[in-house]
Each structure stands twice: as C-alpha cells, then as structure tokens.
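All heavy atoms count here, side chains included; hydrogens, waters and symmetry mates do not.
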Amino acid sequence: RDAKLANVVVSAIRSVDESLAVVAAPESDMMAEDARAGLRTNREAFADRRYLADRSLKSRGEPGALLLDVREAAAQALMLARDETAMTDEGTAVAIPFETLCIHGDMPDAVARLTEIHRTLTAAGFTISKKSK
C-alpha cells in the first residue's frame, strides 16, 4: 500500500535482473508497479494468515491474525488451492487469486505447519513442485 516504496523496489529489481519474478499481494501497489515496469509477477496467497473482507491481511498485532493451528492453516491452504478463496475473520469466503502460496517460517511450529499443509494438499491430489527459472 505504498506506491513510492514499490517503485523503489521495482527500480532495484530492474537494476539487478529484469527476468526475476516479483512476488506480491494481488491488487497491491507492488503488483501495479511491477506491471507498469513490465516485470514478471506472481500473486501471493497466505496459508497461515487471516484475511479481511477487502482481501488484505489482518494485522499481525490483532488476535486471530496468525493461523497457529497447523490443521487450520492446512485447511486454508486446501481452500485456496481448490477454490482460490479464504475465510475472513467475519466467517465469509473471499476470492484470493494467486500463483504462489506463502507459509511463514517465522511463526511457531513452522515445520509442523508446512508438513501438515504438504500432507493435506498431496492427499487431496495436488502435486507440490519447485519451479525453476
């Protein structure tokens, strides 16, 4: 939500390697600046964060912003993968179009969360792969 900062990031990326893909939230200033600059982008969704009705993320400082329960994060990852939707803190589904799924490594039980998300997605028939450049 900061076009000036997004422009600085885009300039830095262009000075290093214009073939790099930029990961950003859908409809963000970062995504808009990437498109204007002609950079390749990947829209990002979050398996372990709570969304608001406007598709933004609930502030980390607010209760319930982090999906600390590994099963809850896995359920959200599956909902995102199947339907490109996530549940908001109000209990309604919101569309989250994306190409890449983020799982935070800086949250408690990150490895257990990632393991459960992987297990849930593969059990549902999804293939987890690493794309190379």
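- With hydrophobic clusters built from ILVMFWY side chains whose heavy atoms lie under 4.5 angstrom apart, V111 does not share a cluster with L68.
- Its side chain within the 4.5 Å cluster rule, M87 clusters with M79 among the Ile, Leu, Val, Met, Phe, Trp and Tyr residues.
- E44 places none of its side-chain heavy atoms less than 4.5 Å from the side chain of S28.
- No side-chain heavy atom of E27 sits less than 4.5 Å from a side-chain heavy atom of R43.
- Here the CG atom belonging to D34 is positioned 10.5 Å from the CG atom belonging to D29, to the nearest 0.5 angstrom.
- For residues 16-66, every residue pair satisfying the ring-ring contact (aromatic ring centres under 6.0 Å, His included) rule, not counting sequence neighbours, is listed here: F46-H104.
- Rounding to the nearest 0.5 Å places CG of L114 at 9.5 Å from CG of L101.
- Counting only heavy atoms from C-beta outward, the side chains of M31 and V22 never approach each other to under 4.5 Å.
- Crowding of R60 atom CZ: a count of heavy atoms from other residues, nucleotides or ligands under 6.0 Å exceeding 12.
- The minimum heavy-atom distance linking P97 with P26 is given by the pair O-CG, 3.1 Å.
- For residues 63-84, the set of pairs meeting the ring-ring contact (aromatic ring centres under 6.0 Å, His included) definition, not counting sequence neighbours, is empty.
- Counting only distance, with no hydrogens or angles, the side chain of T120 and the backbone of I117 share no donor-acceptor pair below 3.5 Å.
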- Message: What verdict does the side chain to side chain contact (heavy atoms under 4.5 Å, CB included) test give for Q76 and D48, after you've listed the backbone C-alpha separation in whole Å, the side-chain angles of each residue and the deciding distance to 0.1 Å?
- Response: CA-CA 7 Å; Q76 178 154 297; D48 51 12; over 6 Å; no
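- Distance alone, capped at 3.5 Å, places no donor-acceptor pair between the R55 side chain and the V94 backbone.
- To the nearest 0.5 Å, atom CD of residue E18 and atom CD1 of residue I13 are 10.5 Å apart.
- A donor-acceptor pair under 3.5 Å links the side-chain atoms of D69 to the main chain of E72, judged by distance alone.
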- For the pair R49 and L67, evaluate side chain to side chain contact (heavy atoms under 4.5 Å, CB included) and give the outcome as yes or no after the intermediate values. CA-CA 5 Å; R49 294 286 308 278; L67 304 185; 5.8 Å; no
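- Using a 4.5 Å heavy-atom threshold, the side chains of V10 and M30 count as touching.
- Looking at every heavy atom in both residues, E116 comes nearest to A74 through CG-CB, 3.7 Å.
- Within the 4.5 Å cutoff, side-chain heavy atoms of V70 are placed close to those of R113.
- Under the 4.5 Å side-chain heavy-atom criterion for grouping Ile, Leu, Val, Met, Phe, Trp and Tyr, L66 is not connected to L57 through any hydrophobic cluster.
- Nearest heavy-atom pair across R14 and L39 is CG-CD2, 3.9 Å.
- T115 is not listed as a side-chain neighbour of R119, based on a closest heavy-atom distance of 4.5 Å or more.
- Atoms OG1 and CG, from T92 and D89 in turn, are 8.5 Å apart once rounded to the nearest 0.5 Å.
- The heavy-atom pair separating E33 from A6 by the smallest distance is CG-CB, 3.6 Å.
- Between the side chains of E90 and T88, at least one donor N or O lies within less than 3.5 Å of an accepting N or O.
- Each of T85, L80, L78 was checked for a side chain to side chain contact (heavy atoms under 4.5 Å, CB included) with R82, and the lone residue meeting it is L78.
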